Amino acid sequence: MKKKLLRALGLLAAAVGLVTLAVPAQAAAPVYSGTGWKIETYNGIHSLSPDPYVIQLVKPTTGDKLTAAQNKTAEAQLRAQLTRTAALLTSITGTTFTLSSTYHSAETSCTTAERHVIVVGLRYRPAPGAKPGTSQTWPCYASANNSAWGSWIWMDSEYWNPAVWTIDPWRLANVESHEMGHAVGLDHPNVDGSDADSTADPYECVTNSSKDTPLMCSPNGGYGAGSGGSVTRAEQHAGEYTPWDIAGLKALKANFG
Ligand SMILES: [Zn+2]
């Protein structure tokens with residue numbers, strides 16, 4: 001009996017040996033950029049964790065220069081789009097993203113930011129220099145492994161005040177998914193294009209015959225968003241990541257570990 005057991009163990013060891021030989025000595029090297037996508041390594045993010053991420057809104061206040069009614073409209077629009085964006089990110093990356101129904105306090109520092117919480121709020125002209133019509137994301141990274149830790153996003157409250165700003169609904173949806181792209185670790189993939197002036201200018205991104213540009217193109221990319229693009233196409237794909245962005249999101253996930 002004992003002999004038989006030993007023989008069985010010997011066979012198992014041989015099998016393990018074979019498995020070991022079949023597995024590469026190291027995982028594939030991380031990739032940080034490709035055509036139309038780039039990872040935010042300058043912010044310390046190299047990868048996306050398989051553990052779930054939660055999106056939480058900051059309760060809008062009239063201090064953000066919107067009326068109570070405008071805040072209500074803004075919150076409803078944000079919740080509807082962020083639900084769609086979360087579903088897209090989940091299906092693309094395999095990591096679960098959900099929008100919480102509860103509010104979060106305002107976040108202002110990566111040292112206090114909660115792990116895997118993406119805080120989204122309204123602020124009047126939140127970008128550096130109070131640039132009109134501009135939103136901003138502050139992404140944080142996990143110091144242990146450089147995966148996306150969590151972040152906070154301030155959407156410019158002007159978008160919901162038609163007296164001072166007009167923005168097409170599809171563009172607004174694109175901006176929201178664009179900022180979420182930053183939150184999980186995507187950078188602007190702008191490159192010097194046909195003008196060949198050695199500078200990656202605004203709007204200067206890879207494009208195709210349908211005038212799509214990466215959603216992460218800065219600023220205002222997405223389906224049909226390039227010069228001469230179709231508004232119908234842009235509306236049909238509002239808030240969606242293009243194949244270029246999807247390649248970047250998948251790379252972020254593949255880089256984990
Ligand atoms: Zn951006």
Side-chain angles (χ1 to χ4, degrees), residues 32-46 48 53 55 77-78 81-82 84-86 88-89 92-93 97 107-108 110 113 118-141 148-159 165 167-193 199-207 212-227 229 234 237-249 251-252:
Y32 300 120
S33 64
T35 302
W37 63 273
K38 192 173 167 189
I39 288 175
E40 257 169 2
T41 50
Y42 79 94
N43 261 331
I45 301 182
H46 296 184
L48 181 72
Y53 291 78
I55 305 162
Q77 191 280 331
L78 264 175
Q81 182 53 47
L82 290 174
R84 288 193 285 272
T85 304
L88 289 171
L89 288 172
I92 294 164
T93 66
F97 288 81
E107 192 54 79
T108 54
C110 282
I118 298 166
V119 180
V120 183
L122 304 174
R123 280 284 185 274
Y124 179 73
R125 299 184 178 178
K131 209 172 162 191
T134 306
S135 300
Q136 184 93 4
T137 300
W138 283 262
C140 309
Y141 67 95
W149 173 267
S151 62
W152 66 100
I153 298 171
W154 292 122
M155 297 296 300
D156 187 1
S157 60
E158 286 179 299
Y159 304 151
W165 203 263
I167 182 167
D168 296 319
W170 65 269
R171 281 195 197 277
L172 181 55
N174 283 1
V175 170
E176 287 157 352
S177 289
H178 175 110
E179 297 305 328
M180 283 294 297
H182 285 316
V184 301
L186 288 183
D187 194 0
H188 300 139
N190 295 46
V191 288
D192 187 31
T199 307
D201 299 312
Y203 303 103
E204 208 170 13
C205 291
V206 62
T207 187
D212 303 333
T213 61
L215 188 68
M216 296 310 295
C217 187
S218 174
N220 299 342
Y223 283 91
S227 177
H237 295 281
E240 289 180 19
Y241 296 98
T242 68
W244 296 296
D245 309 292
I246 290 170
L249 290 166
L252 269 167

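It should be emphasised that the depicted structure is a prediction, and the values quoted were computed from it without experimental measurement. Numbering of ligands and ligand atoms starts at 1, following listing order.
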Does Asp192 have any salt bridge (Lys or Arg N to Asp or Glu O under 4.0 Å) partners at least two apart in sequence or in another chain, and if so, which?
-> none

Non-neighbouring partners of Asp245 that pass salt bridge (Lys or Arg N to Asp or Glu O under 4.0 Å), sequence neighbours left out | none

Tally, protein N/O/S atoms nearer to the Zn ion (ligand 1) than 2.8 Å = 3

When you look at OH of Tyr32, are more than 12 heavy atoms from neighbouring residues, nucleotides or ligands closer to it than 6.0 Å?
-> yes

Given the options Gln81, Arg84, Gln77, Glu176 meets side-chain hydrogen bond (donor to acceptor under 3.5 Å, both in side chains) only with Gln77

Would you mind telling me which of Glu204, Glu40, His178, Lys38 makes a side-chain hydrogen bond (donor to acceptor under 3.5 Å, both in side chains) with His188?
-> His178

Pairs meeting criterion salt bridge (charged side-chain N to carboxylate O under 4.0 Å, His left out) with involvement of residues 121-139, two or more places apart | Asp64-Arg123, Arg125-Glu158

